[in-house]
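Working notes for the structure below.
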Amino acid sequence: MGILLEGKKIGIAITGSFCTFENILKEIELLVKEEKAEVYTIFSEMSKNTDTRFGAADKFFANIEKITGNKPITTIVGAEPIGPNPFLDVLAIFPCTGNTMAKLANGITDTPVLMAAKAHLRNEKPLVISISTNDALGMNMKNIGELMNVKNIFFVPFGQDNHIKKPNSMIARTEMLVPVIEAALEKKQYQPVIMGPK
């Protein structure tokens, strides 16, 4: 058990790994209703505007706003004040696609989520990454390694989700978000980081 989350201001930055959106709703609801945290969301343009077989974008957006009671941030301009007005205690990129991870590792800031991450890190506060990428064991492995060695970045434990059909794919254990955030607030990486199948 790490730091209790009641009253903590937690940012959840959402990118376009749409297969994880159902789990995102569950974890945000847990943070708000059971952990009594204040949750603020940041949407990438893709996650805000794209309808997929996993659901309609506007319905997901409305559900998030209803659960948190806070208007989501949806622009780079809206995310920039997270730096000079350091109101977040912790920020989680949840889910973090391979595309977002690659850009973060290379200092690229061209989405609201990446701006939020950059702004938050400048305050030397914890950034939690919950990966969901089909190329974690391919082109993105180097970016995972880079980010694991950056001060104040912490990972939700992750593992291969389908080693037969998608041997390079890895996804975070999203149900572990709360203990990972608790540990990150103490500047500790929750262990183990690499986990086997559920």
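All figures in this text were calculated on a predicted structure; none of them were measured in a lab. Index from 1, following the sequence.
Side-chain contact, N168 with D135: no donor N or O sits under 3.5 Å from an acceptor N or O. Side-chain N/O atoms of K187 and N152 include a donor and acceptor closer than 3.5 Å.
The closest donor-acceptor contact from the side chain of Q160 to the backbone of P167 lies under 3.5 Å. Listed for the N123 side chain is a donor-acceptor partner under 3.5 Å among the backbone atoms of G83. Under the 3.5 Å distance criterion, the side-chain polar atoms of T68 are matched with a main-chain donor or acceptor of I64. Between the side chain of K166 and the backbone N or O of H163 there is no donor-acceptor pair closer than 3.5 Å. Put simply, the side chain of N143 never gets that close to the backbone of A105: no donor and acceptor are under 3.5 Å apart. Of the possible donor and acceptor atoms, one in the side chain of K125 sits under 3.5 Å from a partner among the backbone N and O of L88. Listed for the S47 side chain is a donor-acceptor partner under 3.5 Å among the backbone atoms of S44.
The number of heavy atoms from other shown groups lying within 6.0 Å of CE (M46) does not exceed 12. Within 6.0 Å of the CE atom in M139, the count of heavy atoms belonging to other residues, nucleotides or ligands does not exceed 12. Sparse packing is recorded around OH of Y190, with 12 or fewer heavy atoms of other residues, nucleotides or ligands lying under 6.0 Å away. Atom CD of E80 has more than 12 neighbouring heavy atoms from other residues, nucleotides or ligands inside a 6.0 Å radius. Open room surrounds CD on E22; 12 or fewer heavy atoms of other groups in view lie less than 6.0 Å from it.
Exactly one residue among T15, I14, I42 makes a side chain to side chain contact (heavy atoms under 4.5 Å, CB included) with P112. That residue is I42. Of the listed residues (T109, D110, T111), just one forms a side chain to side chain donor-acceptor pair (under 3.5 Å) with K103, and that residue is D110. Of the options I67, L30, T20, a side chain to side chain contact (heavy atoms under 4.5 Å, CB included) to L25 is made by I67 and by none of the others.
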side-chain contact (heavy atoms from CB on, under 4.5 Å) between V156 and T174, worked out: CA-CA 7 Å; V156 176; T174 55; over 6 Å; no
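A cation-pi geometry, defined here as NZ or CZ lying under 6.0 Å from the six-membered ring centre and within 45° of its normal, holds between K48 and F61.
Using a 30° and 60° split on the angle between ring planes, F60 and F43 fall in the perpendicular class, above 60°.
Between P95 and S132 the shortest heavy-atom distance is CB-CB, 4.2 Å.
To the nearest 0.5 Å, atoms CD1 (I129) and CG (L91) are separated by 9.5 Å.
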